[in-house]
Protein chains: 2
Amino acid sequence: MTVTDINSWQSVKAEVMRRIIERIWLPGDMIPNEIDLAKEFGCARATVNRAMRALADEGLLERRRKAGTRVALNPIRKATLEIPITRLEVEQRGGTWRHSVLERSEVVPPVSVASRLGLSDKIEMLHVRSLHYADNHPFLYEDRWVNLSEVAAICDVDLQEIDANEWLVQNTPLTKGDISFSAANATKQEAELLQTSEGEAIFVIDRTTWNGDVPVTIVRLAYAPGYRMHTEI
Amino acid sequence: MTVTDINSWQSVKAEVMRRIIERIWLPGDMIPNEIDLAKEFGCARATVNRAMRALADEGLLERRRKAGTRVALNPIRKATLEIPITRLEVEQRGGTWRHSVLERSEVVPPVSVASRLGLSDKIEMLHVRSLHYADNHPFLYEDRWVNLSEVAAICDVDLQEIDANEWLVQNTPLTKGDISFSAANATKQEAELLQTSEGEAIFVIDRTTWNGDVPVTIVRLAYAPGYRMHTEI
DNA sequence: CAAAATATTATGTGCATACATAATACAATA
DNA sequence: TATTGTATTATGTATGCACATAATATTTTG
C-alpha cells in the first residue's frame, strides 16, 4: 500500500498539497480518512493527523468529525500579516529612522476614545502624538492614548528615546488586538505634518490592544502617501 | 508538584497565557522546560509541547532547541486577516450583493501585468473589469487579469452569473498569494464608477495568486470610500 | 410515517516511549 | 590561545495505544 514511505508529517503535508495543486483532489472533494492515508503513506495516524491539521490551519482543508476531510472550496482565506515596529520597518528598507514627539500630556480622553476602550471618560490617560521619519522624510503620524492605570511605568519613560509602541510592546504583555485599515484624505494638519497636500490619500491603521481584558492603548497611524502594506499567503 | 492537574493542552495553554498576562513571566523571561512543566501540571510532555507550540505559533512565545522557551519580547506581531469573497462580505453585512461586468476580453496584457506574473507579454490573457454593488450602491471596482493557459475553463463561464473571484476560488487550487494594501486618490474613471468625486481616498488591494509556481490571476480591487478592513489578533 | 433512541465512524486528544536535531557548554588538542 | 571535537540539553518528531467527542447513519418505537 506504501508509496515510498512518507513518514514525516512535513512530507505527508507536502504530498497532500501536491495532490491538491495537481488537482488529483479537487476543491470540495472528500479525501481518504486518516487511517487509510496512514496505511498508504506507511506512517502512523498521528503523523497524518499532524499534517492534516496544519493544512486545515492554513485553510487548504476543511475537517469535521465523523464527516471527514475535504479540500476547501475557497482555499485562500487567511493571510497573516506582520505588525511591525515602525523603527524596524524603516530600517529593514534600508532607511534611517527617527521620531519626534509633538505632544505628550495626561488628559481626560474624548468620549470616542474612552468608550472604545470601555473606560470612564473622566480618568486621565496619556496622550502622545508623534511623527516618525524615514531618512528625514515624514513617514508616519501617530496619535496614541495609553491607559495609565494599566501601564503606569510609561510615565517615567523618555519617549524621545524610544517609540511608545516599541516600549509598550516590550514591557506590556499584549494578548488581544483589534485592527482596522482604511483610506482617508489627509486633513490640513496631517498634510502639513506629512509634508504633502490636503486631500492626498493616506493609508490609516486604527489599532486597539488589550492585556487580557484590560485595554492598554489605542492608536491611529496615518502613513505618508505612497505607503503600501504587503503580505503573502 | 501538581497544581490542580491541568491535563489538556488547551488548559496548559490557558495557564501559560495567564502567567504571561499577569506578568508572573515577563517578556524576555525564560520559562521552565517542557519536562518540568509537565511534572508541575501533572500531564505528559507531549501535551505541554502541543500547548507551547500553539503559543509560539501565535507569537506569544519564542522557542529554540536547547536554548529553551522564552516569553516573546514583542508578542503581537502576526494578525491573520480573512480574504473574503465579495458576495459573502456584502451579505454578511446584511446587504444585497450584485455585480455587473463592464468588460470582458481576451487581449495581450500590458507589460506591467505580464512581468509581475512572470509571463510573456505576447500571450493573450482574460481581462475582466466589473463593479460590485451592495444594496445597489457601488461597493467595489475590480480590474482582473486571468492566466488562460492555467484556467482555460473560465472561458465557458458566465461571469454575469458568478463573480470571477468566486469562480476561481472554487475551481482552481490557489496555494500562494501576494497581497498589498494601499490608499489612492480616485481617478476620474474610478470616481464615476464608484459614484464619488475625483480625488476621494480609496482603499486598494492588489493581489496576485499562484497555484504552485504557476500564476493564476492578478487583480486590483478599489473599494468605495468609507470601506474599512478589519481584523483581530 | 415521523420522532426518538442507538450504533457507527472519523477526527480530536492524551500518554509513554524512543530517537532526531540543533544549539550550547565544555574539554581536548595542535 | 585558538580551534576542533565531544557531551549535554531542550525542543522536535514518530509510534502505538486508548479513549473522547461530534456528527451521521440506522434502528427502534410511538
Side-chain angles (χ1 to χ4, degrees), chain A residues 1-17 19-20 25-73 75 78, chain B residues 1-17 19-20 25-73 75 78:
Chain A
M1 226 12 130
T2 306
V3 185
T4 4
D5 266 37
I6 296 172
N7 53 339
S8 79
W9 73 268
Q10 314 259 11
S11 59
V12 170
K13 185 185 159 193
E15 171 61 14
V16 171
M17 268 185 82
R19 295 186 186 183
I20 294 173
W25 293 334
L26 298 173
D29 275 7
M30 288 287 285
I31 73 175
N33 70 39
E34 296 185 347
I35 293 174
D36 291 345
L37 283 176
K39 269 187 221 157
E40 189 196 343
F41 294 145
C43 66
R45 181 169 83 91
T47 307
V48 174
N49 182 281
R50 181 94 156 76
M52 307 293 259
R53 241 185 325 109
L55 286 168
D57 285 347
E58 288 175 22
L60 227 64
L61 293 179
E62 281 170 8
R63 337 188 64 205
R64 270 164 55 215
R65 279 176 173 164
K66 163 75 184 177
T69 301
R70 58 179 63 236
V71 180
L73 270 180
K78 294 174 229 156
Chain B
M1 229 5 132
T2 308
V3 185
T4 5
D5 266 37
I6 297 173
N7 53 338
S8 80
W9 72 269
Q10 313 260 11
S11 58
V12 170
K13 185 184 159 195
E15 171 62 14
V16 171
M17 268 186 83
R19 294 185 187 184
I20 294 173
W25 293 334
L26 298 173
D29 275 7
M30 289 285 286
I31 73 175
N33 71 36
E34 294 185 347
I35 294 174
D36 290 346
L37 283 177
K39 270 187 221 157
E40 189 196 344
F41 293 145
C43 66
R45 181 168 84 89
T47 307
V48 174
N49 182 281
R50 181 95 156 74
M52 308 292 260
R53 242 188 322 110
L55 286 168
D57 285 347
E58 290 175 20
L60 227 63
L61 293 178
E62 281 170 9
R63 338 188 62 203
R64 268 164 57 216
R65 279 177 173 163
K66 161 76 182 177
T69 302
R70 59 178 63 235
V71 180
L73 271 180
K78 294 173 230 157

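Side-chain atoms are counted along with the backbone in the values below, which use heavy atoms only and exclude waters and symmetry mates.
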Seminar exercise, completed: Given protein heavy atoms under 4.0 Å, the one-letter contact record of nucleotides 13-23 of chain D, with B base, S sugar-phosphate only and - none, is simply BSBS-B--BBB

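Residues passing the side chain to side chain donor-acceptor pair (under 3.5 Å) test with B/R53, sequence neighbours excluded: B/N49. Under the rule for a side chain to side chain donor-acceptor pair (under 3.5 Å), A/T47 has no partner lying at least two apart in sequence or in another chain. Applying the side chain to side chain donor-acceptor pair (under 3.5 Å) test to A/R45 and every residue at least two apart in sequence or in another chain returns A/E34. Under the rule for a side chain to side chain contact (heavy atoms under 4.5 Å, CB included), the partners of B/N33 that lie at least two apart in sequence or sit in another chain are B/I35, B/D36.
For the atom pair CD (A/E58) and CE (A/M17), the distance works out to 6.5 Å, reported to the nearest 0.5 Å.
Distance NZ (B/K39) to C1' (C/dC15): 17 Å, rounded to an integer number of Å. One atom, CE of A/M30, and another, P of C/dA10, lie 8 Å apart when rounded to the nearest Å. For A/R70 and C/dT11, the CZ to C1' distance is 14 Å, given to the nearest whole Å. Between the P atom of D/dT11 and the CG atom of B/L55 lies a distance of 13 Å, rounded to the nearest Å. One can place CD1 of B/I35 at 13 Å from P of C/dT17, the figure rounded to the nearest angstrom. Summarising the geometry, the separation between CG on B/L61 and P on D/dT11 is reported as 11 Å, rounded to the nearest angstrom.
In this structure the side chain of B/C43 never reaches within 4.5 angstrom of the side chain of B/I6, judged on heavy atoms. Between B/M52 and B/L37, the closest side-chain pair of non-hydrogen atoms falls below 4.5 Å.
Results of the side-chain contact (heavy atoms from CB on, under 4.5 Å) test with A/T69 over A/D29, A/V16, A/L61 single out A/L61 as the only residue that passes.
With the end axes of the helix from C/dC1-D/dG30 to C/dA30-D/dT1 each set by five pairs, the angle from one to the other reads 10° at 10° resolution.
Residue A/T69 has no polar side-chain atom (N or O) positioned under 4.0 Å from OP1 or OP2 of C/dA10.
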